[in-house]
Amino acid sequence: MLARSISGPLQAVGQAMGQVARRNYDVEIPGRQRRDEIGDIARRLDVFRASLVAADATEREHAFKSAAFEATSAALMLIDRDMTIIYVNQCLVDLMAQHRIALERNVSDFRPDALPGRGLIALYPGAERLRVAAVDGQGNAEMQLGHSHLALAMAPVRAGDGSQILGYVVEWKDVTRRRLSDAVTGAVDATLPVASFSPDGRLIEANPPFLRWTSIPGQAVYGEHWNAIFQAKRNGIARPWAEIAKMSTQQESMCVHAKGGARLSAMLCRVTNNRGRTRRFVLIAGSDIGASDPATRSSQAVAWREEMS
């Protein structure tokens, strides 16, 4: 009876221990209420089980984060508090490989697939300033590599209670095309009349050249309909918005005649979302093909404003 009173509870605790070892953390640990050594073993096993549950949850969380880190289309790297690279994802390796020639000129022994272990300052000399700015939530910078431009965004990784910075995440982006697009857009916006219209033909926004061309006060023209601002013509035939909005191509050239301005050749472009639905139309006017003299245009503008009012 004495043997059974000891071996039975120990066997039950041993079976529970086997279940815990197989990661069945929902098993009930028997004997925790006992006041003898068997109860002490059971309670210690219960504490051990709770620790394994927490560790397993942390492992799963890290696995999910690691998978997300690799699956993202963003080029990311992890660096420690000493600004040493400790991990990079494949997107970053690919980005560095695209700019390998330019980086080899500035970084000794540069290899896109051998970045961990190197200091960030070797890739970006202003890394220390970027780290200071990142602590204040302003860790953004840009560097030029030959004719290319790379943008960096750094964010600190803090401990659970937020009291300590463990390291940093740095996202890299190739913004060369964006910078070129901004320059082209700026040049166009400064010289050519540009305006955008909603799918139902209402004016959304317009640049100063467009407003000067229509000779209409800036605030008065916003929200006005295409048909009220000017007529668009193709082959000399006036075309209302209902017809223009049905154009089957992404862009179409036409002649547009503002009621208070000159006639210009223009390009109307359809802007769609990723589902192919039209979000807006953008009008870019070009050369003046029928400008009237300033006095005539002024009188046209006055008549047009009176008509609008």
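Treat the numbers as computed from the prediction; the structure is a model and nothing was measured.
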Short side-chain to backbone donor-acceptor contact, [X] and [Y], under 3.5 Å:
| X | Y | answer |
| --- | --- | --- |
| Asn89 | Met77 | no |
| Arg131 | Arg81 | yes |
| Asp82 | Thr84 | no |
| Gln90 | Leu92 | no |

Nearest non-hydrogen partners of [X] and [Y], listed with the distance:
| X | Y | value |
| --- | --- | --- |
| Met143 | Leu145 | CE-CD2, 3.7 Å |
| Val256 | Ala266 | CG2-CB, 3.7 Å |
| Glu171 | Ala74 | OE2-CB, 3.6 Å |
| Ala195 | Phe197 | CB-CE1, 4.0 Å |
| Pro199 | Ala245 | O-CB, 4.4 Å |
| Ile85 | Leu120 | CG1-N, 4.3 Å |

Exercise for the section: Determine, stepwise, if the pair Leu103 / Met96 fulfils side-chain contact (heavy atoms from CB on, under 4.5 Å). Expected result: CA-CA 8 Å; Leu103 285 166; Met96 293 296 163; 3.5 Å; yes
Handout entry: Neighbour count above 12 (heavy atom, 6.0 Å) for Arg279 CZ
Key = no
Handout entry: Crowding at CG, Asp109 (>12 non-hydrogen neighbours, <6.0 Å)
Key = no
Practice task
Show your working on salt bridge (charged side-chain N to carboxylate O under 4.0 Å, His left out) between Arg280 and Glu205 and close with a plain yes or no.
Solution key: CA-CA 11 Å; Arg280 65 173 60 194; Glu205 56 188 3; 3.1 Å; yes
Practice task
Given side-chain contact (heavy atoms from CB on, under 4.5 Å), test Tyr168 with Val135 step by step and report yes or no.
Solution key: CA-CA 10 Å; Tyr168 301 86; Val135 176; 4.1 Å; yes
Is there a side-chain contact between [X] and [Y], using heavy atoms and a 4.5 Å cut-off?
| X | Y | value |
| --- | --- | --- |
| Val194 | Leu283 | no |
| Val157 | Ile165 | no |
| Met267 | Val282 | no |
| Ile244 | Trp226 | yes |

Practice task
Kindly say whether the aromatic ring centers of Trp241 and Phe281 come within a distance under 6.0 Å.
Solution key: yes
Find the distance between [atom1] ([X]) and [atom2] ([Y]) and round it off to the nearest 0.5 Å.
| X | Y | atom1 | atom2 | answer |
| --- | --- | --- | --- | --- |
| Ser198 | Ile204 | OG | CD1 | 5.0 Å |
| Met83 | Glu128 | CE | CD | 6.0 Å |
| His257 | Ile229 | NE2 | CD1 | 14.0 Å |
| Leu95 | Leu150 | CG | CG | 5.5 Å |
| Trp172 | Leu76 | CH2 | CG | 12.0 Å |
| Ile284 | Ser253 | CD1 | OG | 12.5 Å |

Practice task
Go through the side-chain N and O atoms of His225 and Asp200 and say whether any donor and acceptor fall under 3.5 Å apart.
Solution key: no
Practice task
May I ask you to check whether Gln98 and Asp94 show a side-chain donor-acceptor distance below 3.5 Å?
Solution key: no
Practice task
Indicate, with yes or no, if Leu166 and Ile86 share a hydrophobic cluster defined by side-chain heavy-atom contacts under 4.5 Å among Ile, Leu, Val, Met, Phe, Trp and Tyr.
Solution key: no
Practice task
Identify whether Leu152 and Val107 are in the same connected component of the hydrophobic contact network (ILVMFWY, side-chain heavy atoms under 4.5 Å).
Solution key: yes
Handout entry: Trace of the side-chain hydrogen bond (donor to acceptor under 3.5 Å, both in side chains) decision for Thr176 with Asp174
Key = CA-CA 6 Å; Thr176 306; Asp174 188 340; 2.7 Å; yes
Exercise for the section: With side-chain contact (heavy atoms from CB on, under 4.5 Å) as the test, would you mind laying out the steps for Ile79 and Val170 before giving the verdict? Expected result: CA-CA 8 Å; Ile79 59 176; Val170 184; 4.0 Å; yes
Exercise for the section: State whether Arg179 and Glu142 are salt-bridged, where the test is any N-O pair (Lys NZ or Arg NE/NH1/NH2 against Asp/Glu carboxylate O) under 4.0 Å. Expected result: yes
Exercise for the section: Decide yes or no on salt bridge (charged side-chain N to carboxylate O under 4.0 Å, His left out) for Arg178 and Asp182, but give the supporting numbers first. Expected result: CA-CA 6 Å; Arg178 185 193 305 172; Asp182 290 344; 5.8 Å; no
Exercise for the section: Could you check Arg270 against Met247 for side-chain contact (heavy atoms from CB on, under 4.5 Å), going step by step and ending with a plain yes or no? Expected result: CA-CA 9 Å; Arg270 183 194 302 271; Met247 69 182 197; 3.4 Å; yes
